[in-house]
Enquirer: 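Sharing a structure below in structure tokens format, with a few things to ask.
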Amino acid sequence: MLDAAENTSLLRRLAGPSTGKAGLAKDQTEINRIIAEASKGSPFYENERKKDEQVTRRIEVLLKKREELAKAADIAKLEANAERLIAELEATRDLSQIICHVDMDAFYSSVEVLDNPELADKAFAVTGGGVLSTASYEARKWGVRSGMATFIAKKLCPDLICVAHHFPRYIEMSKAVMSVMRKYDSNMASWGLDEAYLNLTQYCAAHNLTAEACVAQMREEVHRETKLTCSAGIAPNKMLAKICSDRNKPNGQYYLAPDRDSVMTFTHDLSIRKIPGIGRVTERVIESVGIKTCGDIYTHRAAISMLDKELGLKSLLRAYLGIASNVVEPWARESTKSVGSERTFKTISDTGRLLEKLDEIAETLESDLEHGGWCGRTITLRYKLDTFQSFTRAKTMDRYVKSKQDLFAVSTLPHPRCRYDPFHGIDGDSRWAKSL
DNA sequence: TACATACAC
DNA sequence: TATGGTGTATGTA
């Protein structure tokens, strides 16, 4: 049995990052309990517990600060400050563009079903590196989620079928999907293999189509060409479109009319967790001051105004107002800021063997840099211990580099636990990563 | 610039 | 028995 110290936040944390975004399964509390029970005592669990405690401390500091500031606060003035920002943001509202976010339904799973129809309607998951990349809808009913450790998923769903991933196939199918969608907006922006943003304003005008008819047609065409289904959201900006694409999943679409009232009604009861960029941690922090929905942001505008630095008044007001970017641009090579390679392996405590591992990874990175024609000035070494604690060490060079030899410059940087010899005494390092 | 944290797919 | 890989943004010192 779990003891009382296992609070709700830790249980929710252990359930993984994707549990909050997706619709709640039948009994999430029971699912969370099974997950915690299976993890308990493991180094992973202990690390998560520590991180959860850190967030708890952070929240305590935040609430204490709020208490202090509240004593001398001029509520009217704080609210006026928020109102001024709201008016400023409102002036930037642009409802003129038809933005669409398309999300393939359980993409990797669906491709696996195409290649092996036996899997249809079965509870199965695509795995790689001990965790799930995605789960079929049948498996999701059991609380199985992407990012979950395979052995945990098996506890939740004992008959779960595990299939190893086939990335080249997903890439191939992704290309087929994207090329259909690009016909509707040549500036389409893909996001990963299975998502895309489009601006359909021009296409709709040119073909005299409503936004909804246009998207329905596009989804049909994707299905005809690939036998894969997708869901879509149509809204005046990317943030709203993304949230909308989740509303009628799978194989559905949701249209949010481009007028202020419709948008404000939509955000009013929207959970803050649905806002892209607000994850498990930020949700907890914001919730601690009494904000669960975007509507609550307005109610608590004075408190947020006081804690602007910690909570970000402007970005929360944008969420409340449903205002976000509507610029859709294809990926640009010059936008790349870093290139990296990392690998997880069984615990290595021997310095020599650790350096050999680092050598392998540096080699992979060197070849990636060569292929892409990249080079860089800052080399970052990321490493994780068998306690799941992770660290980074960085070094900026006085010239641009790309060779394995140069990448190794970071290998001599000291580790906090052993100032002088980085590799002696790092007992139980389980993982090395290298990035540039 | 160095490092940690949070987030997304 | 056992919890990934790649990349971006941001706060702090």
Side-chain angles (χ1 to χ4, degrees), chain A residues 13-18 20-21 35-36 38-48 50-51 54-55 58 101 103-104 106-108 126-134 145-155 162 164-165 167 170 174 190-196 238-239 242 273 275-286 309-312 315 331 335-347 361 364-365 368 372 374 376-384 386-398 410 413-416 430-436:
Chain A
R13 185 185 179 96
L14 287 164
S18 60
K21 296 273 192 211
I35 295 171
S39 299
K40 194 148 192 210
S42 67
F44 180 84
Y45 177 95
E46 282 307 309
N47 191 251
E48 289 296 297
K50 280 182 194 140
K51 286 200 277 188
Q54 271 183 350
V55 178
R58 213 179 115 187
H101 177 258
D103 193 340
M104 300 305 294
F107 183 57
Y108 299 169
V126 176
T127 62
V131 299
L132 310 186
S133 296
T134 188
R145 291 287 180 280
S146 63
M148 188 175 270
T150 310
F151 77 98
I152 303 264
K154 286 261 193 191
K155 283 238 156 62
C162 292
H165 61 71
F167 271 106
Y170 311 148
S174 177
S190 57
W191 185 244
L193 292 180
D194 67 334
E195 291 184 26
K238 289 189 283 185
M239 174 186 79
K242 166 125 177 104
R273 184 67 169 85
I275 302 297
I278 297 186
R280 287 182 294 178
V281 173
T282 312
E283 178 191 31
R284 250 194 90 193
V285 172
I286 297 175
K309 199 173 67 125
E310 290 81 1
L311 302 178
S315 76
W331 180 79
S335 66
T336 294
K337 303 222 171 17
S338 71
V339 180
S341 171
E342 56 183 86
R343 213 73 28 194
T344 297
F345 44 80
K346 284 193 194 140
T347 302
I361 294 162
T364 308
L365 183 54
D368 289 352
W374 306 106
R377 279 185 66 221
T378 303
I379 307 160
T380 303
L381 174 68
R382 257 173 64 80
Y383 56 100
K384 197 188 267 187
D386 59 0
T387 56
F388 286 89
Q389 266 185 296
S390 99
F391 303 86
T392 63
R393 288 289 170 273
K395 190 180 173 71
T396 300
M397 315 293 275
D398 51 15
V410 284
L413 294 173
H415 179 275
S430 69
R431 173 195 211 225
W432 284 90
K434 201 165 178 46
S435 59
L436 175 75

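Numbers restart at 1 for each chain; the letters A, B, ... are given by sequence-line order, proteins then strands.
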Enquirer: Quick check: closest heavy atoms across A:Leu413 and A:Ala394, and the distance to 0.1 Å?
Expert: CD1-O, 3.7 Å
Enquirer: Identify which nucleotide among B:dC9, C:dA2, C:dG4 has an atom closest to any side-chain atom of A:Lys155, counting heavy atoms from C-beta outward.
Expert: C:dA2
Enquirer: Closest approach to the side chain of A:Val55, judged atom by atom: which nucleotide of B:dC9, C:dG4, B:dA6 is it?
Expert: B:dA6
Enquirer: Taking only the side-chain nitrogens and oxygens of A:Thr150, find out if one of them lies under 4.0 Å from OP1 or OP2 of C:dA2.
Expert: no
Enquirer: Protein-nucleotides 1-3 of chain B N/O pairs closer than 3.5 Å?
Expert:
unit_1 : atom_1 : unit_2   : atom_2 : d
B:dT1  : OP2    : A:Arg377 : NH2    : 3.4
B:dA2  : OP1    : A:Thr396 : N      : 3.4
B:dA2  : OP2    : A:Thr396 : N      : 3.3
B:dA2  : OP2    : A:Thr396 : OG1    : 2.4
B:dC3  : OP2    : A:Ala394 : N      : 2.5
B:dC3  : OP2    : A:Ala394 : O      : 3.3

Enquirer: Rounding to an integer number of Å, can you tell me how far A:Arg280 CZ sits from B:dT5 P?
Expert: 14 Å
Enquirer: Could you check how far CZ of A:Arg273 sits from P of B:dC7, rounded to whole Å?
Expert: 7 Å
Enquirer: Does the side chain of A:Thr378 pick up a donor-acceptor pair with the side chain of A:Thr396 at under 3.5 Å?
Expert: yes
Enquirer: With A:Thr282, which residues qualify under side-chain contact (heavy atoms from CB on, under 4.5 Å), at least two apart?
Expert: A:Ile278, A:Ile286
Enquirer: Which whole-number value in Å describes the distance from A:Lys384 NZ to C:dG5 P?
Expert: 8 Å
Enquirer: Rounding to an integer number of Å, can you tell me how far A:Met239 CE sits from B:dA8 P?
Expert: 13 Å
Enquirer: By the 4.0 Å heavy-atom rule, please label A:Lys154 as base, sugar-phosphate, or nothing.
Expert: nothing
Enquirer: Give each stem of DNA chain C as a range with a range, requiring at least 3 consecutive Watson-Crick or G-U wobble pairs whose two distances are under 3.5 Å.
Expert: B:1-9 with C:5-13
Enquirer: Taking CZ from A:Phe345 and P from C:dG4, how many angstroms apart are they, rounded to a whole number?
Expert: 12 Å
Enquirer: If you look at every heavy atom in A:Thr150 and A:Val131, which pair is closest and at what distance?
Expert: OG1-N, 3.7 Å
Enquirer: I want to verify a distance call: between B:dC9, C:dA2, B:dA6, whose nearest atom is closest to the A:Thr282 side chain?
Expert: B:dA6
Enquirer: In whole angstrom, what separates A:Lys51's NZ from C:dT3's P?
Expert: 14 Å
Enquirer: Please name all residues satisfying ring pair (Phe, Tyr, Trp, His ring centres under 6.0 Å) with A:Phe107, sequence neighbours left out, ordered by chain then number.
Expert: none
Enquirer: Let me spell it out: for each of A:Arg13 and A:Leu193, pick the nucleotide of DNA chain B with the closest heavy atom. Which residue's pick is nearer the 5' end?
Expert: A:Arg13
Enquirer: Applying a 4.0 Å non-hydrogen cut-off, can you work out what A:Val281 is touching in the nucleic acid: base, sugar-phosphate, or nothing?
Expert: sugar-phosphate
Enquirer: Tell me, please, which residues at least two apart from A:Glu46 pass side-chain hydrogen bond (donor to acceptor under 3.5 Å, both in side chains).
Expert: A:Arg49
Enquirer: Would you please name every residue forming a side-chain hydrogen bond (donor to acceptor under 3.5 Å, both in side chains) with A:Thr364, sequence neighbours left out?
Expert: none
Enquirer: Can you tell me the distance, in whole Å, between the CG atom of A:Leu311 and the P atom of B:dA6?
Expert: 14 Å
Enquirer: List in chain and number order the residues that pass side-chain contact (heavy atoms from CB on, under 4.5 Å) with A:Ser315, two or more places apart in sequence or in another chain; answer none if no residue qualifies.
Expert: none
Enquirer: Could you list the residues that satisfy side-chain contact (heavy atoms from CB on, under 4.5 Å) with A:Lys51, not counting sequence neighbours?
Expert: A:Arg13, A:Asn47, A:Glu48
Enquirer: Could you report the tightest heavy-atom contact between A:Tyr108 and A:Ser133, atom names first, then the distance?
Expert: CD1-CB, 3.7 Å
Enquirer: If you check the A:Arg58 side chain, which of B:dA6, C:dG5, C:dT3 turns out closest?
Expert: B:dA6
Enquirer: Counting only side-chain heavy atoms from C-beta out, which of B:dA6, C:dT6, B:dA8 sits nearest to A:Trp191?
Expert: B:dA8
Enquirer: So what does A:Ser146 hit on the nucleic acid, given a heavy-atom distance under 4.0 Å: a base, only sugar-phosphate, or nothing?
Expert: nothing
Enquirer: Under 4.0 angstrom, heavy atoms only, what part of the nucleic acid is A:Glu195 near: base, sugar-phosphate, or nothing?
Expert: sugar-phosphate
Enquirer: I need a per-nucleotide contact map over nucleotides 7-13 of chain C, read 5' to 3'. Cutoff is protein heavy atoms under 4.0 Å; write B for the base, S for backbone only, - otherwise.
Expert: SSS--S-
Enquirer: Rounded to the Å, how far apart are A:Met148 CE and C:dG4 P?
Expert: 14 Å
Enquirer: Quantified in whole Å, what is the C1' atom distance between nucleotide B:dC7 and nucleotide C:dG4?
Expert: 16 Å
Enquirer: Any side-chain heavy atom of A:Cys162 within less than 4.5 Å of one from A:Lys154?
Expert: yes
Enquirer: My understanding is that only residues two or more places apart in sequence, or in another chain, count here; which of them pass side-chain contact (heavy atoms from CB on, under 4.5 Å) with A:Phe151?
Expert: A:Ala149
Enquirer: Report the residues that fulfil salt bridge (Lys or Arg N to Asp or Glu O under 4.0 Å) with A:Lys242, sequence neighbours left out, ordered by chain and then residue number.
Expert: A:Glu195
